[in-house]
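Taking it in order: structure first as structure tokens, then the write-up.
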Amino acid sequence: MAVPLLSIRNLTVQFRVDTGWVTAIDDVSLDVGTGDCVGVVGESGSGKSVTALSVLQLHDRVTTRMPSGSILYQGDDLLRAKGSTMRRIRGSEIAMIFQDPMSSLNPVLTVADQISETLRQHQGLTGAAARKRVIELLGLVRIPDAARRADDYPHRLSGGMRQRVMIAMAIACKPRLLIADEPTTALDVTIQAQILELLRDLRRELSMSVMLISHDLGVIAEFAQRVVVMYAGRVVEDAPVTQLFRRPVHPYTMGLIAAVPALDSDAPRLTTIAGRIPGPQEIIPGCRFSPRCALVLQGCREEPPSMQMVSDGQSARCPPRIQVLDVRHV
Ligand SMILES: Nc1ncnc2c1ncn2[C@@H]1O[C@H](COP(=O)(O)OP(=O)(O)OP(=O)(O)O)[C@@H](O)[C@H]1O
Ligand SMILES: [Mg+2]
């Protein structure tokens, strides 16, 4: 089998807090193949951003450690890569966009200045060549009247336009993998749909792989072919999107699906999952979802469940459900 573009294997990430080290990410594995679009979903605090930041090693080195696991990019372990290799990979191989474009854009630089800086750093482009490429990139992210917009400061642009500028910066060096961490959460629904459509087009035009992070399974379902569901620092289910909706295995996935708004107006009111997600410092024996799980059994509170293959590329961390469903024989 071909080596996936990105393969996170059994990653554990710990942070130093007042009381010692806490585990925010525990034994996380996920793959992104060439040209794939993988969605990572989970409630706030489930560990999505920590996972994404680990790929580019953007954590504070003093307060973060990764005691186990590997992050293989085209087969090479990024956790063991040299600083110079990581600097090359960030931006030109793997790019990332964040939820809030305003905090990532420099308010005192024009759009053209900011994108030019990326082009200078990674591609050595300056002057007229950089300017030409900036306009080209703004056109690529469908910013109308690109030549004029290039000289605007970020505060003159709408939220959707700023996010387009961020995307232009991210794709400036034609990365193979784009990690989009809640790229549309701060935007209203219409603009959100436009940005997702843009990402979908760019993915095809530039043959990029995309890892899309969202707490909204509806967004993920529209965009990704594969979904990784995270809960309290662990992956609890990993499946092709159609399979996930047709037959969710983990009770947490079932809860997330029930919380996706249905389009038809006769649908029952939205369901929420009772309770809240535990923080990394909270010790919960056995399955970390067990205090909130409607299908909990005694054994769930004792043994931490392992990730098990179900079928059709679907795996989940819920042995009792896998047994009850007897899904292996479906
Ligand atoms: N530097 C840090 N030090 C201590 N704890 C941290 C640190 N960064 C994140 N955490 C904790 O790790 C957990 C996972 O955080 P993370 O930001 O990955 O969640 P998330 O799934 O991205 O949530 P959201 O949807 O709100 O963005 C949270 O409980 C968070 O408080
Ligand atoms: Mg986050």
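Computation of the quantities below employed the complete heavy-atom set of this structure, encompassing side-chain atoms and omitting hydrogens, waters and symmetry-equivalent molecules. Sequential numbering from 1 along the given sequence is applied to the chain's residues. Counting convention: from 1, in listed order, for ligands and their atoms alike.
- At a cut-off of 2.8 Å, Q99 is not counted among the residues with an N, O or S atom near the Mg ion (ligand 2).
- Between R226 and D31 there is no salt bridge, since no side-chain nitrogen of the basic residue lies less than 4.0 Å from a carboxylate oxygen of the acidic one.
- Within 4.0 Å of ligand 1, contacts by protein heavy atoms are made from F15, A24, E43, S44, G45, S46, G47, K48, S49, V50, E182, P280.
- Using a 4.0 Å cut-off between charged side-chain N and carboxylate O, E136 and R133 make a salt bridge.
- In this structure, F15 has its ring center closer than 6.0 angstrom to the ring center of H59.
- In terms of heavy-atom proximity, Y252 sits nearest to M230 at CE2-O, 3.4 Å.
- For E205 and K174, the salt-bridge test fails: no basic side-chain N is under 4.0 Å from an acidic carboxylate O.
- Put simply, the side chain of S29 never gets that close to the backbone of R9: no donor and acceptor are under 3.5 Å apart.
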